[in-house]
Number of protein chains: 2
Amino acid sequence: MIPDRETSFPGAADEIARASGSAVDAVLAQIRQMIVEGGLKVGDKLPTERELCERFASSRNTVREAMRMLKAFGVVEVRPKVGATIVDQRMNRAFDLFSFNVTEISRQTFDDIQGFRELIETGSVTQIFAAIQPSDLSDLREINREMVRAKSVIEASEHDLRFHTRLVSIIGNKSILDIYRIMTPVILRIMQRGKTRRTIEGETFREHEAILDAAERRDALAFQYLMRTHLRAGLWTFEDG
Amino acid sequence: MIPDRETSFPGAADEIARASGSAVDAVLAQIRQMIVEGGLKVGDKLPTERELCERFASSRNTVREAMRMLKAFGVVEVRPKVGATIVDQRMNRAFDLFSFNVTEISRQTFDDIQGFRELIETGSVTQIFAAIQPSDLSDLREINREMVRAKSVIEASEHDLRFHTRLVSIIGNKSILDIYRIMTPVILRIMQRGKTRRTIEGETFREHEAILDAAERRDALAFQYLMRTHLRAGLWTFEDG
DNA sequence: CGACTCATTTGTTGGTCCAGATTTCATCCT
DNA sequence: AGGATGAAATCTGGACCAACAAATGAGTCG
């Protein structure tokens, strides 16, 4: 079920901090065990590095590398003199994860991401209509105007994304919003592809406005139709491929 | 827009590998710059640690900690005596990210996660019905039977999750499947909460079967209704809170 | 009450040593 | 002579150590 992960986070079913090859991994597993079995919560502090050294009979550099791992995972925050504090910034880390672009956006990725957004943004029309307030609408219209005023395509894309993120936030579902935020870097790259100043000032702005109009009069069918066509626009960029 | 990230991945708008406080972060930023501006692709190899040391005028341990960071992010895979190879295992890392349970599932989290699943699994009925094959249905029924035969609640939950994941895979959208996989650990914990042997052998199995029956006769309304009530079951676990 | 000192803790550095992979190259057989 | 073979030198990451720098909390003294 779990794919090959050579040096990954120690799985839940691991033995008692058994060394899975590397000494750092062993320390990592033991710290993990200490956290879960010690019932440590967010805000609690881990022992000092040197204490962990002697407790696990490891060198300080080994412990430090394990710490660096936990830091990368957003599980601890370590400051000089104060030590390592347990935090939960994994969502931010997941965000960072995808801001590192190693592969180009493919047609397939475009379809998949936009398909996902279509599912979210058209499927949640009921929740959106139930929760939307006049202040939400004015916010969204303001964001839309800011998009037109943007000085560059990059900046406009950010406003475009802000528009959609703001819309998704109305659903009131933190998990959905988190996932949307995680995908931010990828969505941004999609938006910047094949977007010209004309399309922003024209189509994108008008489509956003039409979507908001539909939301204002609680026209679910129009909202879904407009959103769907809006998200499917931009496909032409890949048509030649 | 981007939240506070103290020691995070260097953002795209960073200056030229300027030290954002930590020396490790500086090296990290420079390696990142080397990758993106050097046009390094997946499969390419990074210079040796010692070469990076002298190139960045840093100690080996500093470079090693930066490497450890990249490893945690799933960007490089480093093997002894071979070196660091660029990979893209960020999805697996995102998966690992949430297998580290630091916080307890709250009623709010339950609602949000199940709300997200409802959106995905009921909203994609059109795509599922369009793509589903008889082999998919027989697979799903087999998984359902395996769930009943499971020896423990934990194991049964895994089959339960496999059932839903298999269903979602029919959509044919890699992004949605990836996200579903990322949420696997959280969903598993939700499933294991308040699930007894009786509910598995009884309700869960029957609900799955009913969903498959609806899929077999392409009854979208029934499919959505059954899935909705299926996902909303288990809410009682939190009702007392 | 404020400034100051001090001790503790993390950050960083430059090393050592080791085991294993890789490469080199001399040797040996055909 | 030419290719195969194997041993040795070299290279590389893994683990570790000692030491110093910097930051900061805590206690102390004026």
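Please read all numbers here as calculations on a predicted model, not as lab measurements.
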Reading nucleotides 14-23 of chain C from the 5' end, what letters show protein touch, with B for base, S for backbone sugar-phosphate only, - for no heavy atom under 4.0 Å?
B--B-BBS--

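- When the ring-ring contact (aromatic ring centres under 6.0 Å, His included) test is applied to H159(A), no partner is found at least two apart in sequence or on another chain.
- Ionic pairing of R50(B) and E54(B) is not present here: no N-O contact between side-chain nitrogen and carboxylate oxygen is shorter than 4.0 angstrom.
- Comment: E158(A) does not engage R162(A) in a salt bridge, judged by the lack of any side-chain N to carboxylate O separation of less than 4.0 angstrom.
- Computed from coordinates, the E77(A) CD to dG11(C) P distance equals 11 Å when rounded to whole Å.
- Contacts of F116(A) classified as ring-ring contact (aromatic ring centres under 6.0 Å, His included), with partners at least two apart in sequence or in another chain: none.
- Distance, E65(B) CD to dT13(C) P: 10 Å, rounded to whole Å.
- Separating the CZ atom of R68(B) from the P atom of dG11(C) is a distance of 16 Å, rounded to the nearest angstrom.
- The side-chain hydrogen bond (donor to acceptor under 3.5 Å, both in side chains) search around N61(B) returns none, not counting sequence neighbours.
- Of all nucleotides in DNA chain D, those with any atom nearer than 4.0 Å to a heavy atom of chain B start and finish, going 5' to 3', at dT12(D) to dC17(D).
- Contacts of E155(B) classified as salt bridge (Lys or Arg N to Asp or Glu O under 4.0 Å), with partners at least two apart in sequence or in another chain: none.
- Judged by a 6.0 Å distance limit and a 45° cone about the ring axis, R181(A) is positioned over the six-membered ring of F95(A).
- The aromatic rings of H208(B) and H164(B) sit perpendicular to each other, their planes meeting at more than 60°, with 30° as the lower class boundary.
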